[in-house]
Amino acid sequence: MHGTRILDEADRLMTVCNSCRYCEGLCAVFPAMEMRRAFSDGDLNYLANLCHACGACYVDCQFSPPHEFNVNVPKTLAVARAESYAAYAWPRMLSGAFARNGLLISIIAALSMAAFILGFAVLNDRSVLFGVNTGPGAFYKLMPHNAMAALFSAALLYAILALAMSVRAFWRDIGAPIGGRVDGGSMFQAIRDAGELRYLHGGGVGCYNEDDRPTDRRKLYHHLTFYGFLLCFVATSVATLYHYLWGRQAPYPWWDLPVVLGTLGGIGLIIGPIGLFMARMRRDPALLDESRYGMDVGFIAMLFLTGFTGMLLLLLRETGAMGPLLALHLGAVFALFITMPYGKFVHGIYRFAALVRYAQERRTAA
């Protein structure tokens with residue numbers, strides 16, 4: 001018996017799949033499964049997070065519903081994957097907070113922070129709120145830079161700490177990679193596999209969505225979202241260097257590096273999340289964990305709002321709308337930070353850890 005009902009079901013399915021092995025060429029889950037004859041809770045959580053939910057095994061399986069064996073690997077591993085986020089979350093008391101109410105909690109957090117920033121501005125100088133402020137340091141008339149940096153640094157550091165503790169628990173539970181410690185080659189292979197979304201391809205034909213015709217749409221939207229987020233992070237990092245090393249204050253000219261990188265990232269964070277949301281709405285319900293709708297959509301919504309408000313702020317920063325838009329943008333960023341350790345964001349980190357372990361197992365076996 002396993003710790004949860006869904007892990008019992010995952011064990012049953014992996015036992016059936018291990019005796020069939022028809023799907024071994026589709027992704028990393030089935031070769032990793034074949035290295036085992038029995039499955040601990042950690043093994044099953046490892047396989048669940050190694051799954052990229054392409055849906056190919058459901059379409060190809062001769063035992064999928066309505067067969068009496070009722071083999072539905074994508075949905076079962078999706079539920080197990082979502083439960084693993086709560087199982088390893090730190091602190092544990094917040095483990096289930098975002099499972100069903102992620103969207104509502106994220107929006108409340110974003111609006112609350114925006115209201116706090118607006119209230120701060122009103123108490124200090126009411127004219128700043130809808131005034132036209134231009135030139136270096138215009139953003140910090142709404143809230144001083146040191147106060148803004150302290151607030152968001154604290155939120156980011158908390159998110160990093162919570163994520164680190166969660167991944168530590170996950171890594172310990174799935175066990176050390178077969179063959180010993182992780183080597184540089186395995187780490188590089190995992191980075192490459194994650195960067196290319198190698199296993200979101202259904203064995204090379206694409207991802208299955210609303211029917212049995214595979215496409216690469218979800219892979220494209222994932223790329224736009226991930227690299228858009230990465231570009232925005234780099235833009236913020238460059239702006240930080242500008243501020244502290246060279247004393248250059250935001251906002252920066254259109255042609256400057258932080259603005260160029262942020263614009264490209266913002267475009268990715270608008271198109272990518274919209275595409276992911278539409279793909280989710282059209283996808284076959286048989287492949288989805290519908291009970292975590294709030295968690296999934298909450299994460300997508302915060303990414304979209306971060307990109308959308310950032311682009312609006314860029315376009316209207318020299319108008320009277322700058323103050324409210326800056327508050328909304330910072331509210332979305334704050335909500336994204338504090339929900340990271342408990343929402344869908346962790347799937348990328350757990351999946352990368354699973355890819356590292358799989359790369360080491362594969363190298364050892366070779």
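We number each residue from 1, following the sequence as shown.
The salt bridge (Lys or Arg N to Asp or Glu O under 4.0 Å) check on Arg213 picks up Asp211, with sequence neighbours excluded. The ring-ring contact (aromatic ring centres under 6.0 Å, His included) test applied to Tyr46 returns no partner, not counting sequence neighbours. Residues passing the ring-ring contact (aromatic ring centres under 6.0 Å, His included) test with Phe139: none are found, sequence neighbours excluded. The salt bridge (Lys or Arg N to Asp or Glu O under 4.0 Å) check on Arg217 picks up Glu210, with sequence neighbours excluded. Scored by the ring-ring contact (aromatic ring centres under 6.0 Å, His included) test, Phe63 finds His67, Phe69 as partners (sequence neighbours excluded). For His2, there are no ring-ring contact (aromatic ring centres under 6.0 Å, His included) partners at least two apart in sequence or on another chain.
Residues Ile6 and Thr76 meet the side-chain proximity criterion, which asks for heavy atoms closer than 4.5 Å. Residues Met311 and Ile270 are in side-chain contact: their nearest non-hydrogen atoms beyond the backbone lie under 4.5 Å apart. Here the side chains of Ile160 and Met340 are not in contact, with every heavy-atom distance at 4.5 Å or above.
Paired with Leu355 under the rule side-chain contact (heavy atoms from CB on, under 4.5 Å), one option of Leu50, Ile191, Asn49 passes, and it is Leu50. Applying the side-chain contact (heavy atoms from CB on, under 4.5 Å) test between Arg198 and each of His52, Gln189, Arg192 identifies Gln189 as the sole match.
Applying the salt bridge (charged side-chain N to carboxylate O under 4.0 Å, His left out) test to every pair with at least one member in residues 313-341, sequence neighbours left out, gives no pairs at all. Pairs of residues two or more places apart, or lying in two chains, that qualify as salt bridge (charged side-chain N to carboxylate O under 4.0 Å, His left out) and include a residue from residues 338-356 are Asp296-Lys344. Pairs of residues two or more places apart, or lying in two chains, that qualify as side-chain hydrogen bond (donor to acceptor under 3.5 Å, both in side chains) and include a residue from residues 252-270 are Tyr242-Asp256, Arg248-Asp256.
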For residues 18-30, run the donor-acceptor check on the side chains, cut-off 3.5 Å, and write out each pair with its distance to 0.1 Å, sequence neighbours left out.
unit_1, atom_1, unit_2, atom_2, d
Asn18, OD1, Arg21, NE, 3.3
Asn18, OD1, Arg21, NH2, 3.1
Asn18, ND2, Arg36, O, 2.9
Ser19, OG, Val16, O, 2.7
Arg21, NE, Asn18, O, 3.0

In a table with atom names and distances, give each donor-acceptor pair under 3.5 Å that connects a side chain of residues 300-308 to protein atoms at least two apart or in another chain.
unit_1, atom_1, unit_2, atom_2, d
Thr306, OG1, Met302, O, 2.7

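For Phe352, the CZ atom is densely surrounded, since the number of other residues' heavy atoms within 6.0 Å is greater than 12. The neighbour count for Arg282 CZ, taken as heavy atoms of other residues, nucleotides or ligands under 6.0 Å away, is above 12. More than 12 heavy atoms of other shown residues, nucleotides or ligands fall within 6.0 angstrom of atom OH in Tyr158.
Remark: the backbone N or O of Ala109 is not paired with any side-chain donor or acceptor of Ser112 at under 3.5 angstrom. Asn133 places a side-chain N or O within 3.5 Å of a backbone atom of Gly131 that can act as its donor or acceptor partner. Asn124 places a side-chain N or O within 3.5 Å of a backbone atom of Phe120 that can act as its donor or acceptor partner.
Between Phe170 and Tyr88, the ring planes are perpendicular. Angles over 60° get that label, and only those under 30° would be called parallel.
Of the charged side-chain nitrogens involved, at least one lies within less than 4.0 Å of a carboxylate oxygen, so that Arg363 and Asp183 count as a salt-bridged pair.
In this structure, Phe226 belongs to a hydrophobic cluster whose other members, linked by side-chain heavy atoms under 4.5 Å apart, are Tyr227, Leu230.
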- prompt: Does the salt bridge (charged side-chain N to carboxylate O under 4.0 Å, His left out) test come out yes or no for Asp216 and Lys219, once each step is laid out?
  reply: CA-CA 5 Å; Asp216 284 328; Lys219 189 172 185 178; 5.6 Å; no

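Remark: the Asp8 side chain and the Thr4 side chain contain no N/O donor-acceptor pair separated by less than 3.5 Å.
Rounding to the nearest 0.5 Å gives a distance of 8.0 Å between CD1 of Ile338 and OG of Ser106. From Ile105, atom CD1 reaches atom OH of Tyr342 across 11.5 Å, with rounding to the nearest 0.5 Å.
Shown here for Ala359 and Ala190, the closest heavy-atom pair between the two residues is CB-N, 4.5 Å.
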